[in-house]
**Q** 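Pasting a structure below so you can have a look.
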Amino acid sequence: MQIFNFILLVGAVTALLLAAVAWQRRHAPGAPALLAMQLCAAWWLTCYALPFARFVPEGGLFLRMRVIFPAVVAIAPITLLFVLSYTRGTNAFRPSRLLALASVPTVVLAVALSPRYDWCFGTWRGVATDSIFQMGPLFWVHSLYSYALIAKSVLALLAAYEHGTTQVRRQTRILLGALIVPIVSNVTFIAGLSPPDIDPTPLGLVASGVLVSLAIFRRGLFDLVSVAREKISEAITDGFVVVDAQRHIVESNAAIWRIFDIEPAAQPGELLGERMAELDAHVAGEGYVPTTAEFVHGAGRHLELRTFAICADDGAILGYVLIVRDVTDARTTSFALEQANKQLRAQLDTIRSMQAQLQEQVIRDPLTGLYNRLYLADALARELTWAGRTGRSFAVVMIDIDHFKSVNDDHGHALGDTMLRALGGLLRQQVRPTDSPCRYGGEEFVIVMRDVTLDQAVERIDDVRRAFADLRFASNGTDIGRTFSAGVALYPVHGNDDATLLAAADAALYAAKAAGRNRVYGATVPAPASTA
Ligand SMILES: Nc1nc2c(ncn2[C@@H]2O[C@H](COP(=O)(O)OP(=O)(O)OP(=O)(O)O)[C@@H](O)[C@H]2O)c(=O)[nH]1
């Protein structure tokens with residue numbers, strides 16, 4: 001019996017040592033739960049090792065049971081928490097889940113410790129060391145609940161084993177052993193296979209502690225994973241911070257503090273909003289949605305933020321991961337590119353407008369500003385197409401200033417130019433936007449007039465004729481003026497192509513000149529439309 005007690009005490013010390021190791025690695029997934037697990041085991045083993053029956057002969061064993069109870073009821077839920085945090089890689093749990101896990105043990109503990117209802121849990125028959133424990137209904141509720149949780153833990157470990165790496169498989173193999181040994185010893189006790197006054201469950205816990213030490217020290221249960229994670233998190237240039245559902249900082253890497261240029265959090269648990277308010281806004285409030293955002297921090301630092309929620313199986317949010325990338329360089333480059341693009345676009349606009357100017361120069365007569373002969377060819381082709389398609393008519397008018405040679409000869413070339421410009425101005429003013437007035441060459445002008453009858457065209461040109469005849473030009477103290485003659489041909493009456501129409505208009509002009517000048521003749525109407 002003394003050897004048995006000695007083994008239990010050694011087991012208790014081992015459990016305490018394991019709890020100390022777990023405390024040192026308390027940020028590793030599973031370490032806090034393992035710490036609690038080992039404290040329970042140490043408590044259980046110590047109570048078992050102490051000779052209660054010797055101190056209190058009457059009911060000493062029952063007293064021992066009562067002192068052990070907190071550890072007995074807590075160990076299965078804590079084991080499940082250990083396995084879940086190890087397999088999921090996080091120590092974060094929803095409070096409602098923790099409460100649900102604690103509910104049955106709390107009720108069992110309350111009933112078992114109450115003197116009135118303690119029989120529900122079990123009774124001791126016999127006296128002192130010869131007593132035998134008779135399990136009550138609550139004992140079975142507690143046992144079933146504990147076994148359900150342990151079964152869930154075993155299944156979670158098996159799943160981790162199935163999907164895990166070689167390293168994880170080695171660890172889970174040992175952890176499965178550490179779970180199964182106490183189960184076997186406990187089943188032996190419950191099934192009555194062990195001596196009635198000896199519960200081998202604590203011995204199972206001792207063996208379990210030995211296996212867990214093996215997993216920690218030989219298989220790097222916490223070290224390998226956390227060291228690798230640390231190395232990776234410090235090596236990556238993106239900053240990250242992990243917060244719980246209440247937005248307390250759980251984990252972060254050096255890059256995030258570098259990016260924000262602030263002192264790292266001394267220890268986990270600080271509020272994100274107090275350290276990095278810009279980030280907090282993206283995960284605060286109801287109705288979280290994953291974010292990809294860009295914002296400017298401090299003096300022109302461009303930061304790109306991505307957020308993810310960490311969710312429980314039922315979708316409830318346990319926390320958030322925020323990843324921040326400094327994209328200042330990329331933005332500066334793209335800004336420079338944008339500027340260069342702007343400049344290029346401005347240059348392109350200049351080239352385009354110069355091109356348009358050149359085009360205008362190609363089709364314009366520089367003296368009068370009217371279209372030139374080159375444009376006339378295009379205008380006539382366009383009108384022919386339009387008239388052919390619509391079945392409408394158009395007129396071709398040819399104008400020639402009368403006795404223009406004498407203006408040059410008697411008053412100088414400059415006055416001749418002024419007169420040509422004046423007629424150009426008149427034509428521009430008096431024709432419709434759809435008409436095309438052109439300088440045909442020398443003192444000859446051609447106008448293409450869209451959608452007119454012959455009479456309308458003659459009438460309009462006659463108005464211009466009168467206006468031009470009224471113009472006076474000063475020369476050496478005297479006023480001089482000139483008139484023009486014009487011939488009008490109509491599509492399709494006088495021709496179906498440009499050459500025929502121009503020839504018809506020219507013939508009418510010739511007739512007008514021959515009839516005494518200063519008049520407008522329609523091509524088919526020999527009689528003058530008007531005379532001066
Ligand atoms: N000032 C000036 N004169 C021009 C220009 N182009 C042609 N001329 C002159 O226009 C005159 C044309 O005269 P003619 O063809 O003989 O005809 P006209 O004197 O007008 O006589 P009719 O047409 O028969 O009434 C010539 O003296 C050309 O030198 C020009 O751009 N500027």
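Order of listing sets the numbers, starting from 1, for every ligand and every atom in it.
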**Q** Does the side chain of Asp435 come within less than 4.5 Å of Phe394's, by heavy atoms?
**A** no

**Q** Please list the nearest protein heavy atom to atom 7 (C) of ligand 1 with its residue and the distance rounded to 0.1 Å.
**A** Gly442 CA, 3.5 Å

**Q** Just do the salt bridge (Lys or Arg N to Asp or Glu O under 4.0 Å) check on Arg466 and Asp462 with the steps written out, would you?
**A** CA-CA 6 Å; Arg466 271 194 293 274; Asp462 208 39; 3.1 Å; yes

**Q** Counting only heavy atoms not in Arg392, do more than 12 fall under 6.0 Å of its CZ?
**A** no

**Q** May I ask you to identify the nearest protein heavy atom to atom 17 (O) of ligand 1, giving residue, atom name and distance to one decimal place in Å?
**A** Glu443 OE2, 3.6 Å

**Q** Around Trp386, counting heavy atoms of other residues, nucleotides and ligands shown, do more than 12 lie under 6.0 Å from its CH2?
**A** yes

**Q** Looking only at distances, please establish whether an N/O atom of ligand 1 is found under 3.5 Å from an N/O atom of Leu420.
**A**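 Not met; the criterion fails.
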
**Q** Which protein non-hydrogen atom lies closest to atom 32 (N) of ligand 1, naming both residue and atom, and how far is it?
**A** Asp417 OD1, 2.7 Å

**Q** Within ligand 1, which atoms have a heavy atom of Gly416 less than 4.0 Å away?
**A** 1 (N)

**Q** Verify, without hydrogens or angle tests, whether Arg169 (side chain) and Tyr161 (backbone) share a donor-acceptor contact under 3.5 angstrom.
**A**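 Side chain of Arg169 to backbone of Tyr161, a donor-acceptor pair under 3.5 Å: yes, one is there.
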
**Q** Could you pull out all residues at least two apart from Ser252 that satisfy side-chain hydrogen bond (donor to acceptor under 3.5 Å, both in side chains)?
**A** Trp257

**Q** Between Asp400 and Ser485, does any side-chain donor sit less than 3.5 Å from a side-chain acceptor?
**A** no

**Q** For atom 23 (O) of ligand 1, which candidate among Arg517, Arg439, Lys513, His411 provides the closest heavy atom?
**A**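 Of the listed residues, Lys513 has the closest heavy atom.
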
**Q** For atom 29 (O) of ligand 1, which protein heavy atom lies nearest, and how many Å away is it?
**A** Asn408 ND2, 3.8 Å

**Q** For atom 16 (O) of ligand 1, what is the nearest protein heavy atom, given as residue, atom name and distance?
**A** Lys405 CD, 3.8 Å

**Q** In the protein, what heavy atom is nearest to atom 25 (O) of ligand 1, and what distance, to one decimal place, separates them?
**A**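 Its nearest protein heavy-atom neighbour is His403 N, 2.8 Å.
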
**Q** Students should be able to answer this: which protein heavy-atom is nearest to atom 10 (O) of ligand 1, and at what distance?
**A**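 For this ligand atom, the closest protein heavy atom is Phe404 CD2, 3.1 Å.
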
**Q** Can you pull out every side chain to side chain donor-acceptor pair (under 3.5 Å) where at least one residue sits in residues 406-423? Sequence neighbours excluded, please.
**A** Lys405-Asp409, Ser406-Arg482, His411-Ser475

**Q** Please check whether Asp402 reaches ligand 1 - meaning an N/O of the residue sits under 3.5 Å from an N/O of the ligand, judged on distance alone.
**A**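 No, there is no polar N/O contact under 3.5 Å.
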
**Q** Looking only at heavy atoms, is any part of Ile401 under 4.0 Å from ligand 1, and if so is it the side chain, the backbone, or both, or is it neither?
**A** backbone

